[in-house]
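Data first, discussion second: the structure below is written as structure tokens.
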Amino acid sequence: MLSRSAARALSSQSRQFSSSAARQTKVAVLGAGGGIGQPLSLLLKQNKLVTSLSLYDIRGAPGVAADVSHIDSQSEVKGYPADQLDQALEGVKVVVIPAGVPRKPGMTRDDLFNTNASIVRDLAAAVARSAPEAHLLIISNPVNSTVPIVSETLKKAGVYDPRRVFGVTTLDVVRAARFLSEVTGAHPDECKVTVVGGHSGSTIVPLLSQTAHGKAVKGEVYDKLVHRIQFGGDEVVKAKDGAGSATLSMAYAGAKFTDALLRGLSGEKGVVTPTFVKSDLFAKEGLEYFSSNVELGPNGVEKIHPVGPLSAEEEKLLAACLPDLKKNIEKGNAFAAQS
Ligand SMILES: NC(=O)C1=CN([C@@H]2O[C@H](COP(=O)(O)OP(=O)(O)OC[C@H]3O[C@@H](n4cnc5c(N)ncnc54)[C@H](O)[C@@H]3O)[C@@H](O)[C@H]2O)C=CC1
Ligand SMILES: O=C([O-])CC(=O)C(=O)O
């Protein structure tokens, strides 16, 4: 017979266990064998909100899984070969997709469309079949078009919920903080910049005027900083000289966004970060999707924040962003409509 205090302690322990178990989640990485997929899997293995990691790729996922599974964190890891996509998705709550080809020097992200559009469509169709209630985090480029493709594919399957589809634009936010810190000498933690729009060149709009350190940057230094944030991806593509694009910083950014979503799903309040989602902010201009600050919660997207006050320079950047972004979105929609 347990004493009353022992029984109380046991019941409080089991409440704690059940609430933390409820918060934990099975996460899949599709494209886990790739340049982003491997370090992303490594980082997700260290996330306490992940109970189980399901690693899928058409090449090499079982090997990555065996390797990552030796890390001494609580989650289980399983790798799936090319013919086991549906099994990989069973019971999965969050699906992160870095599958597809990366750029080489001289290419734009849009040049990846022809290869990556069908990869992303087929993976989204599998999610619709095997994990219809999962949240989808799209890393594969061109994000401005792959997010519409995923959304339309889910719509066709009758399982679309716009609160559960996210284009991962976190790398732009990460770069903006780092590059602003390099210009000002302030710590990156004090240089958080909201980046809105989409994820390629002119569609990337950093709102430097909304931060204390960013507001102080003017003239040529401002122009160079904005250009560096918009074209940071090209810097890495050039330096890698044909061996691909950003993988390590992207894995960091992907893990950071996944963690934000998991915290929101688990009920944490006030989790707000930019992400490319179905949005009415620029519906009048004909845009169905837009990245702005989004509050993440138990259902995914809880609240889409407006872009807020803009400087004259940012008004111009936004004016340049909207038509390009609209074209990218329409291209994704047109592909999905023909598929
Ligand atoms: N959203 C963002 O900020 C960023 C996006 N990217 C994009 O991420 C994508 C992946 O880049 P990396 O990892 O560097 O490329 P990678 O070539 O190293 O890896 C891609 C992986 O996808 C796998 N794959 C191809 N087709 C697949 C399919 N049908 N199912 C499952 N897996 C499949 C390949 O086998 C490979 O392991 C590219 O499209 C790249 O442009 C890259 C950096 C930043
Ligand atoms: O530049 C690329 O192709 C990869 C990417 O999206 C980025 O690094 O932002």
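Heavy atoms only: backbone and side chains are in, while hydrogens, waters and symmetry mates are out. Order of appearance sets the numbers: ligands from 1, and atoms from 1 within every ligand.
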Sub-4.5 Å side-chain heavy-atom contact between L317 and Q230: yes
Side-chain donor/acceptor of K45 to backbone N/O of L53, under 3.5 Å: no
A253: side chain to side chain contact (heavy atoms under 4.5 Å, CB included) partners, not counting sequence neighbours: T170, L171, V174, M250
Parallel, tilted or perpendicular: rings of F335 and F113 (30°, 60°): perpendicular
Proximal protein residues to ligand 2, non-hydrogen atoms under 4.0 angstrom: R103, R109, N141, L171, R175, H199, G233, S245, A246
Pair K326 + E285: basic N to acidic O under 4.0 Å: no
Flag, side chain of E235 to backbone of F231, donor-acceptor distance under 3.5 Å: no
Salt bridge D111-R103, side-chain N to carboxylate O under 4.0 Å: no
Under 4.5 Å side-chain linkage, directly or through intermediates, the cluster mates of V101: M107, L112
Residues lining ligand 1 [heavy-atom distance under 4.0 Å, listed by chain and residue number]: G31, G33, G34, G35, I36, Y56, D57, I58, R59, P98, A99, G100, V101, P102, L112, N116, I119, L123, I139, S140, N141, V143, V168, L171, H199, S245, A246, T247, M250
Backbone of H199 reached by a side-chain donor or acceptor of N144 within 3.5 Å: yes
